[in-house]
Amino acid sequence: WAGRETVARGDTFEVTPKMIRAALLLVALACACVSTPRPVGPPGAAARPDADYADAIPSPEVWAALAASPGRERLARTEVVKVIVDLDDHERIYFLQSRRWEIHYYFASRFLSTALRPVEDHAAFNVREYRRPDRRFVLGTLMHQRDTDAWWYELVAGDTLDVPRTARVFQAIRARLWVGDRLRYHPVPPAHDEAREEFARAGVAVLSSDEIYAGMVYQPVNPGVAYGTLRLVDGPLDPSRVRRTDVLVLAHAPLDLPVCAGVITQEFQTPLSHLAILASNRGTADMGLRDALSNPALRALDGRLVRLSVTPQGWVLTE
């Protein structure tokens with residue numbers, strides 16, 4: 001208290017060695033409390049069943065230990081592995097055990113938050129790590145479509161990471177995978193989709209959405225039945241205007257969405273997208289539909305009370 005009063009008067013305040021030692025001890029104790037993730041195991045050894053991540057995926061066995069096959073993904077037989085690149089730690093790569101860590105934030109908050117660089121709350125984390133140039137992490141997903149044996153890496157649609165850093169991260173991830181040059185980059189952010197020539201010059205092979213979803217029109221992300229007012233949103237979604245009784249028709253899958261009755265997205269959703277996970281956790285009917293905003297059946301019922309049925313084999317919308 002005497003020190004605080006002295007500072008208030010503008011006088012000199014002495015920092016003693018004892019105070020410095022005490023401060024360093026507090027920092028050390030805080031750092032010691034950070035949880036440590038469990039690695040898959042050393043190369044050549046059997047993967048640990050309780051593993052949280054791997055530094056590399058050198059074999060199909062390690063991939064199988066990490067990959068998730070979400071039951072809500074019925075478009076194709078798809079496996080996914082979430083990936084975190086820590087730019088503050090010499091671009092260290094974490095391939096997450098994605099059955100346990102479906103969302104990047106929970107892994108980062110649990111294992112990568114320190115006293116000197118704490119991980120923010122979920123909302124602030126999403127803004128910084130997907131949209132800010134001074135981000136700490138690059139958050140992406142590795143995907144494997146079993147029927148076509150296609151492999152690709154992608155970011156979420158709202159990510160604003162620049163092309164040079166995306167290319168560098170992609171190449172670093174590819175170097176850690178046994179599939180090597182079979183891995184391609186799927187440019188989900190609109191700016192990346194328009195920069196394919198720039199990616200080509202950087203040595204990044206691009207896999208288009210058309211190649212992945214060729215011929216597919218309907219995607220049952222989370223089957224269920226929804227009752228509510230159909231709302232076609234042709235443009236950016238304002239979350240503050242979303243009502244629990246809305247059945248929303250959106251151009252893109254948003255990062256965050258308040259509780260609503262049902263969702264139809266014109267853009268197909270990845271298996272572990274934020275929207276897909278939210279819909280599964282809430283029991284919300286969720287589907288993708290090509291050209292949904294111009295679909296005559298949907299436009300005819302815009303603003304009306306409807307019943308939406310989403311099943312693995314088809315969808316039905318009735319007034």
*With under 30° as parallel and over 60° as perpendicular, where do the rings of W101 and F111 fit, or are they tilted in between?*
perpendicular
*asked:* Salt bridge or not between D149 and R182? Use side-chain N to carboxylate O under 4.0 Å.
replied: yes
*asked:* If you define the side chain from C-beta out and look only at heavy atoms, does anything of V225 sit under 4.5 Å from V310?
replied: no
_Can a donor-acceptor pair be found, under 3.5 Å and without considering hydrogens, that links the side chain of S294 to the backbone of D291?_
yes
*Are the ring centres of F137 and H104 closer than 6.0 Å?*
no
*Counting distance only, does the side-chain N/O of E267 pair as donor-acceptor with the main-chain N or O of A253 below 3.5 Å?*
yes
*pair R92-I84: side-chain heavy atoms closer than 4.5 Å*: no
*Would R136 count as a cation-pi partner of F125, with NZ or CZ less than 6.0 Å from the six-membered ring centre and within 45° of the ring normal?*
no
*Does the side chain of V263 reach to within under 4.5 Å of the side chain of L257, using non-hydrogen atoms?*
yes
*Given the rule that I, L, V, M, F, W and Y join up when any side-chain heavy atoms are under 4.5 Å apart, are I277 and F107 in one cluster?*
yes
*Taking all atoms of both residues into account, what is the closest heavy-atom pair of L255 and H274, and its distance?*
O-CB, 3.2 Å
_Which label fits W63 and H144: parallel for a plane angle under 30°, tilted from 30 to 60°, or perpendicular past 60°?_
perpendicular
_Taking D238 first and then R241, would you say they form a salt bridge - that is, a charged N and a carboxylate O separated by under 4.0 Å?_
no
*More than 12 foreign heavy atoms under 6.0 Å from CG of D234: is that the case here?*
no
*Would you confirm whether R299, through its side chain, and L293, through its main-chain N or O, come within 3.5 Å as a donor-acceptor pair?*
yes
*Between the side chain of S208 and the main-chain N/O of E211, is any donor-acceptor distance below 3.5 Å?*
yes
*asked:* Please determine whether a side-chain nitrogen of the Lys or Arg among E129 and R135 lies less than 4.0 Å from a carboxylate oxygen of the Asp or Glu.
replied: no
*Donor-acceptor pair, Q97 side chain versus R99 backbone, under 3.5 Å?*
yes
_Ion pair R307/E319, N-O distance below 4.0 Å_ = no
*Would you find a donor on one side and an acceptor on the other, under 3.5 Å apart, between the side chain of D89 and the backbone of D86?*
no
_The test is salt bridge (Lys or Arg N to Asp or Glu O under 4.0 Å); show your working for D52 and R100 and say whether it passes._
CA-CA 7 Å; D52 295 299; R100 179 174 295 114; 3.7 Å; yes
*asked:* Looking at E120 and R128, is any side-chain nitrogen of the basic one under 4.0 Å from a carboxylate oxygen of the acidic one?
replied: yes
